[in-house]
Amino acid sequence: MALVVQKYGGTSVGDAERIRAVAEHVARTRQAGNEVVVVVSAMGKFTDDLIRLAGEISQTPPPRELDMLLTAGERISMALVSMALAQLNVESASFTGSQAGIITDTDHTRAKILEIHPDRIRAALDAGLVPVIAGFQGVSVEQNITTLGRGGSDVTAVAIASALNADVCEIYTDVTGVFSADPRVVTKARRLAKVSFDEMMEMAATGGRVLMLRSVEFARRHGVPLHVRSSFTWEPGTWIVEEDPTMEEAVVAAITDDTSEAKITVGGVPDRPGVAAQLFRELANQGINVDMIVQNTGTNGMTDISFTVAKTDLVAARDCCIEVKDQLGAAEVTSDDGIGRVSIIGAGMKSSPGVTALMFETLSNNGINIEMISTSSIRISCVVRAERVGDAVRFLHTAFGLDAA
Ligand code: ASP
Ligand code: MG
């Protein structure tokens, strides 16, 4: 008998009909001889609606209260799914994150899970019930209700799967798996049967929209196999698993695109030790996540530092740079929100020369200018003009032989 954690995203529980379909699938999975734990997101765009509602009351809602409000979305779903199971004579019980034993830090609206005490969930399973857990939430060490950041139900599901030592964590969504590129951008994109954790992390970090980055990190750290699949077709989707050393890896498995970032350049900074340290310390103190960084080779003792941040952090990041500009002895701070990033990802890249050259040639042959470059051992990213990102993804998808027949 396998223990299966099934996470259902917002579209999968979007209305009464979808909720009934979910309950039927849970019942089927049980009939096949498995134990099932369900984790749910809020219905459809309910979380967005709640955020909008809070905004009508206050531009700066107290984070504790915002969390209290947002967790209501998942509570609605869990109760409805449990009711739908009862209709099918499947015994179940719903649990909030707090009741499920998810203990977090006190960082409201983006809390991190510290510990999980799934005693009640295990007891429910032992009693033959299907536990239905509200995703995206926990209780802090100070006993306040917290949320885990947007998309956080994935994290709940992986964390619960790990705590219960589940055989698989199935992530049900409105797409049939992970694709070689966003099918809305590349019509010839292919579904991938299997992706390694490392590849999936790079994809999630560079614009792949299927899974939240933190959930993949968590799954990798705890060795929880993930299976991303559709709750509309129920067909097998994409497995995300440990890299299999006996297998030949795809040189390039996927191409991602991302236009959610903007670039800041601090120009004319003295080329001496400590300047970058001070700049990025200030940004870190403001809680701003920096992504790509490029520092030009200094000329005449001066240099430029460019970096990218989420567009939502652009104003705060620019203000922060302007504030430290004089201390750094910098000449100017400029920003550019017309950038986009295209990345190629593949575990086989490690052992294949020529991948970088082919990427750059493909972009250059199509008149796409590269503005910044960053690499990891299994990824190459280029910043280009935002309006060329779609073309860049399509040309690279073809160049690396990923187009479906
Ligand atoms: N409902 C939350 C959100 O929309 C959490 C989730 O869907 O995973 O961000
Ligand atoms: Mg969601």
Side-chain angles (χ1 to χ4, degrees), residues 175 178-192 195 199-211 213 250-267 289-297 304-315 317-318 332-346 349 352 354-404:
V175 292
V178 177
F179 282 74
S180 56
D182 185 335
R184 286 167 304 186
V185 178
V186 181
T187 47
K188 289 183 167 171
R190 286 187 290 182
R191 182 171 68 209
L192 305 171
V195 178
E199 288 171 325
M200 195 63 224
M201 282 190 45
E202 294 282 7
M203 289 169 74
T206 57
R209 283 163 281 269
V210 180
L211 280 177
L213 176 60
V251 176
V252 170
I255 321 267
T256 56
D257 64 285
D258 181 12
T259 49
S260 69
E261 295 195 335
K263 178 171 79 169
I264 294 183
T265 301
V266 183
N289 251 322
V290 171
D291 192 17
M292 296 172 81
I293 302 175
V294 172
Q295 178 175 339
N296 289 335
T297 322
D304 293 340
I305 300 176
S306 292
F307 58 92
T308 64
V309 293
K311 273 183 188 156
T312 45
D313 281 339
L314 177 60
V315 173
R318 200 175 43 203
E332 56 169 14
V333 175
T334 55
S335 64
D336 177 355
D337 63 3
I339 61 160
R341 174 173 48 167
V342 56
S343 305
I344 64 173
I345 294 146
M349 212 181 269
S352 310
V355 175
T356 315
L358 180 56
M359 180 179 196
F360 294 173
E361 280 159 11
T362 304
L363 294 176
S364 111
N365 290 344
N366 290 287
I368 299 171
N369 187 42
I370 301 171
E371 301 179 24
M372 288 169 99
I373 300 161
S374 83
T375 62
S376 78
S377 62
I378 62 163
R379 172 186 54 80
I380 306 167
S381 298
C382 293
V383 167
V384 301
R385 282 293 94 200
E387 64 267 17
R388 298 306 309 275
V389 166
D391 286 339
V393 176
R394 283 184 286 272
F395 290 131
L396 290 167
H397 200 266
T398 306
F400 283 99
L402 295 175
D403 287 355

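Position 1 is the first residue of the sequence; numbering continues from there. If you're wondering where the values come from, they're calculated on a predicted model, not measured in any experiment.
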If we ignore angles and hydrogens, is there a donor and acceptor under 3.5 Å between the side chains of [X] and [Y]?
X	Y	value
Arg379	Ser381	yes
Arg394	Thr187	no
Asp403	Thr398	yes
Glu202	Ser376	yes

**Message:** If we check salt bridge (Lys or Arg N to Asp or Glu O under 4.0 Å) with Asp257, which of these qualifies: Arg184, Arg209, Arg341?
**Reply:**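 The option that passes is Arg209.
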To the nearest 0.5 Å, what is the distance between [atom1] on [X] and [atom2] on [Y]?
X	Y	atom1	atom2	value
Ile368	Leu396	CD1	CG	7.5 Å
Met201	Thr206	CE	OG1	11.0 Å
Ile373	Ile380	CD1	CD1	9.0 Å
Met349	Ile378	CE	CD1	7.5 Å
Leu213	Met203	CG	CE	12.5 Å
Asp391	Asn366	CG	CG	7.5 Å

Taking every non-hydrogen atom, the tightest pair across [X] and [Y]:
X	Y	value
Ala250	Glu199	O-OE2, 4.5 Å
Ile255	Ile344	CD1-CG2, 3.6 Å
Ile339	Ala386	O-CB, 3.6 Å
Ala181	His397	CB-CD2, 3.7 Å
Leu402	Val252	CD2-O, 3.3 Å
Ser335	Arg318	OG-NH1, 2.9 Å

**Prompt:** Under 6.0 Å from the NZ atom of Lys188, do we count more than 12 heavy atoms belonging to anything else shown?
**Reply:**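 No.
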**Request:** Might you confirm whether atom CG of Asn289 has over 12 heavy atoms from other residues, nucleotides or ligands at distances under 6.0 Å?
**Result:**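 Open: at most 12 neighbouring heavy atoms sit under 6.0 Å from CG of Asn289.
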Taking the side chain from [X] and the backbone from [Y], do they hold a donor-acceptor pair closer than 3.5 Å?
X	Y	result
Arg385	Gly338	yes
Ser180	Arg190	yes
Lys311	Thr259	yes
Thr308	Met292	yes

**Message:** If the test is side-chain hydrogen bond (donor to acceptor under 3.5 Å, both in side chains), which one of Thr265, Thr334, Asn296 qualifies with Ser306?
**Reply:**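 The residue from Thr265, Thr334, Asn296 that satisfies side-chain hydrogen bond (donor to acceptor under 3.5 Å, both in side chains) with Ser306 turns out to be Thr265.
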